[in-house]
Amino acid sequence: MGLAVHTDSGFFTFITQSPVPGLQLLRRGPDRWVTVPAPPGAFVVVLGDLFQLLTNGRFRSAFHRAVVNRERDRISVPYFLGPPADMEVAPLASAVQLGRKAAFRAVTWPEYMGVRGKALRTDASALALLQVAEEEEDDGMPVPPKN
Ligand SMILES: O=C(O)CCC(=O)C(=O)O
Ligand SMILES: [Fe+2]
């Protein structure tokens, strides 16, 4: 089973993989897929959308995908770390520059998942739907690449 390009929802994802690589991260400018090595015992840490929201866009969630091959089985175990379900996540005051507005509205993780479902149906990104002002590094909301 492979996985189409996406960002994760929580703060961080910790992924451990069998020795068959398949996880790929998108590097920007120019866009290219980079295969993440899978040394035994290693965990890959992926930043998710709620971390981007929390840091007001200072840290960006990473587009990634998983590719598989017919020759060798690949197993990966992701652990999704995020806030408790009833906790509202909003941009940290210390991440918003003086005189600027928070770029995103506050959401809980379950509320974010609802927005993400809506985003999937409309081809938008969940973070774009939660955005209320421009991000500080104003190079626009990243657009997911085509697979
Ligand atoms: O299979 C992998 O290494 C990635 C899994 C993943 O991206 C996810 O479950 O969100
Ligand atoms: Fe993922």
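Order of listing sets the numbers, starting from 1, for every ligand and every atom in it.
When all heavy atoms of Phe12 and Phe51 are compared, the closest pair comes out as CZ-CE1, 3.6 Å. Of all the heavy atoms in Glu135 and Arg100, the pair that sits closest is O-NH2, 3.5 Å. A pairwise comparison of heavy atoms in Gln17 and Val44 identifies NE2-CG2, 3.9 Å as the closest pair. The heavy-atom pair separating Ala95 from Arg58 by the smallest distance is O-NH2, 3.3 Å. Annotation for Asp49 and Ser61: closest pair OD1-OG, 2.6 Å, computed over non-hydrogen atoms. Across all non-hydrogen atoms, the minimal contact from Phe104 to Leu127 is CE2-O, 3.6 Å.
With the Fe ion (ligand 2) as the vertex, atom NE2 of His64 and atom NE2 of His6 span an angle of 90° (nearest 10 degrees).
Of the residues Val36, Leu3, Thr35, Val34, the one that meets the side-chain contact (heavy atoms from CB on, under 4.5 Å) test with Leu23 is Val36.
The closest approach of Asp8 to the Fe ion (ligand 2), by N/O/S atoms, is made by OD1.
Listed by chain and number, residues touching ligand 1 at under 4.0 Å (heavy atoms only) are Leu3, His6, Asp8, Ile15, Leu23, His64, Ala66, Arg74, Ser76, Pro78, Phe80.
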